[in-house]
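Right, one structure below, let's go through it.
In listed order, ligands and their atoms are each counted from 1. Numbering starts at 1 and runs along the sequence shown. Atoms considered below: every heavy atom in the structure, side chains included; atoms not considered: hydrogens, waters and symmetry mates.
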Amino acid sequence: MKGFPNYLVALALMALACSIVSAYDPAPLQDFCVALNTTADAVFVNGKFCKDPKLVTANDFFFPGLNTPRSTTSQLGSNVTLLDVSKIPGLNTLGVSLARIDFAPYGLNPPHTHPRATEILVVVEGTLYVGFVTSNPDNRLITKTLYPGDVFVFPIGLIHFQFNVGKTNAVSFSGLSSQNPGLIVIAKNVFGANPPINPDVLIKAFQLEKNVVDDLQKKFAA
Ligand SMILES: *[C@@H]1O[C@H](CO)[C@@H](O)[C@H](O)[C@H]1NC(C)=O
Ligand SMILES: *[C@@H]1O[C@H](CO)[C@@H](O)[C@H](O)[C@H]1NC(C)=O
């Protein structure tokens, strides 16, 4: 960096660091900003309407009953309970959320990504085979079998999954680094797009026969 004053280099590095940080939820500029649907009794902060802080109560930061098992009778045998800003308005601007996932024996949380959050998961019951795949061109699978007490991280944006490989139910909890992590379920989003993606696109992209694509589009249609 010959010829550049050190402070300019430092400034450039700081700007880079800030732009990386603000790629996710922006840092809050106040203690909290409890989300409101309406503008009545509201103040406008960071692009959101917030409840007047004087009217905020403990319940704005509260959600009960996450210890209760969820039904896992769905086709996939899993059930995600996500506590994001739509469930806990006090999460607005704070950059975190929490999920409970219940798995029937051999239940699957299928390959998906969170466009806005890294996830850190802890298994409290059962045995989960989990993994994520790195970006092109490596497409490397990073995988592990987890037992109660084991923790695993799924980096932001990467395709990942959790599969109950045990003969009993499994339960895990995840922290996510966004108030609204976003969810893209690969099979559902691609084959269940609404309106449907032209089958020729999927035939070519996935190297499948037309009847297979038709079948998948029927299965994943809303
Ligand atoms: C906002 O609207 C949703 C859906 O209409 C409702 O379930 C929720 O309780 C509302 N939240 C607030 C803070 O009023
Ligand atoms: C998840 O569990 C809840 C409570 O048991 C149930 O109401 C809901 O329908 C379940 N969702 C799925 C996708 O199975």
Side-chain angles (χ1 to χ4, degrees), residues 35 37 58-92 94 96-133 143 145-154 156-197 202 213-222:
N37 290 345
N59 280 343
D60 291 321
F61 302 93
F62 174 74
F63 189 96
L66 206 57
N67 58 336
T68 310
R70 269 50 183 175
S71 154
T72 54
T73 55
S74 64
Q75 189 267 330
L76 288 166
S78 70
N79 192 332
V80 178
T81 307
L82 174 66
L83 304 184
D84 60 5
V85 68
S86 71
K87 298 278 168 36
I88 306 181
L91 282 179
N92 189 39
L94 297 183
V96 292
S97 51
L98 180 71
R100 172 188 172 113
I101 315 178
D102 290 77
F103 301 85
Y106 307 108
L108 173 68
N109 190 15
H112 64 280
T113 82
H114 304 294
R116 293 178 291 278
T118 289
E119 174 172 353
I120 181 166
L121 172 148
V122 59
V123 177
V124 298
E125 189 183 324
T127 308
L128 294 181
Y129 164 70
V130 306
F132 64 83
V133 182
T143 182
T145 300
L146 306 180
Y147 303 94
D150 289 351
V151 171
F152 201 77
V153 172
F154 306 96
I156 183 168
L158 299 188
I159 292 178
H160 61 282
F161 58 84
Q162 295 109 12
F163 186 38
N164 180 5
V165 290
K167 294 186 179 66
T168 61
N169 290 340
V171 180
S172 65
F173 290 86
S174 290
L176 295 117
S177 63
S178 171
Q179 68 178 37
N180 179 20
L183 174 64
I184 297 169
V185 182
I186 308 307
K188 173 75 183 165
N189 279 63
V190 171
F191 292 102
N194 181 22
I197 297 175
L202 301 176
V213 168
D214 287 348
D215 186 44
L216 286 170
Q217 286 192 308
K218 235 174 261 141
K219 276 191 181 125
F220 288 101

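- The side-chain hydrogen bond (donor to acceptor under 3.5 Å, both in side chains) search around S174 returns E119, not counting sequence neighbours.
- For the ring-ring contact (aromatic ring centres under 6.0 Å, His included) condition, the pairs that include at least one residue of residues 156-187, sequence neighbours left out, are H112-H160, H114-H160, Y129-F161, F154-H160.
- At a threshold of 4.0 Å, the pair D215-K219 counts as salt-bridged, since one of the basic side-chain nitrogens sits closer than that to a carboxylate oxygen.
- Among residue pairs with one or both ends in residues 162-176, none qualify as salt bridge (Lys or Arg N to Asp or Glu O under 4.0 Å); sequence neighbours excluded.
- Around CD1 of I159, the count of heavy atoms belonging to other residues, nucleotides or ligands within 6.0 Å does not exceed 12.
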Check ligand 2 for N or O atoms under 3.5 Å from a protein N or O and list each pair with its distance.
| residue | atom | partner | partner atom | Å |
| --- | --- | --- | --- | --- |
| ligand 2 | 2 (O) | S71 | N | 3.4 |
| ligand 2 | 2 (O) | N79 | ND2 | 2.3 |
| ligand 2 | 5 (O) | S71 | N | 3.0 |
| ligand 2 | 11 (N) | N79 | ND2 | 3.0 |
| ligand 2 | 14 (O) | N79 | ND2 | 3.4 |

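- Residue R70 comes nearest to N79 through the heavy atom pair CB-ND2, 3.6 Å, listed as atom of the first residue, atom of the second, then distance.
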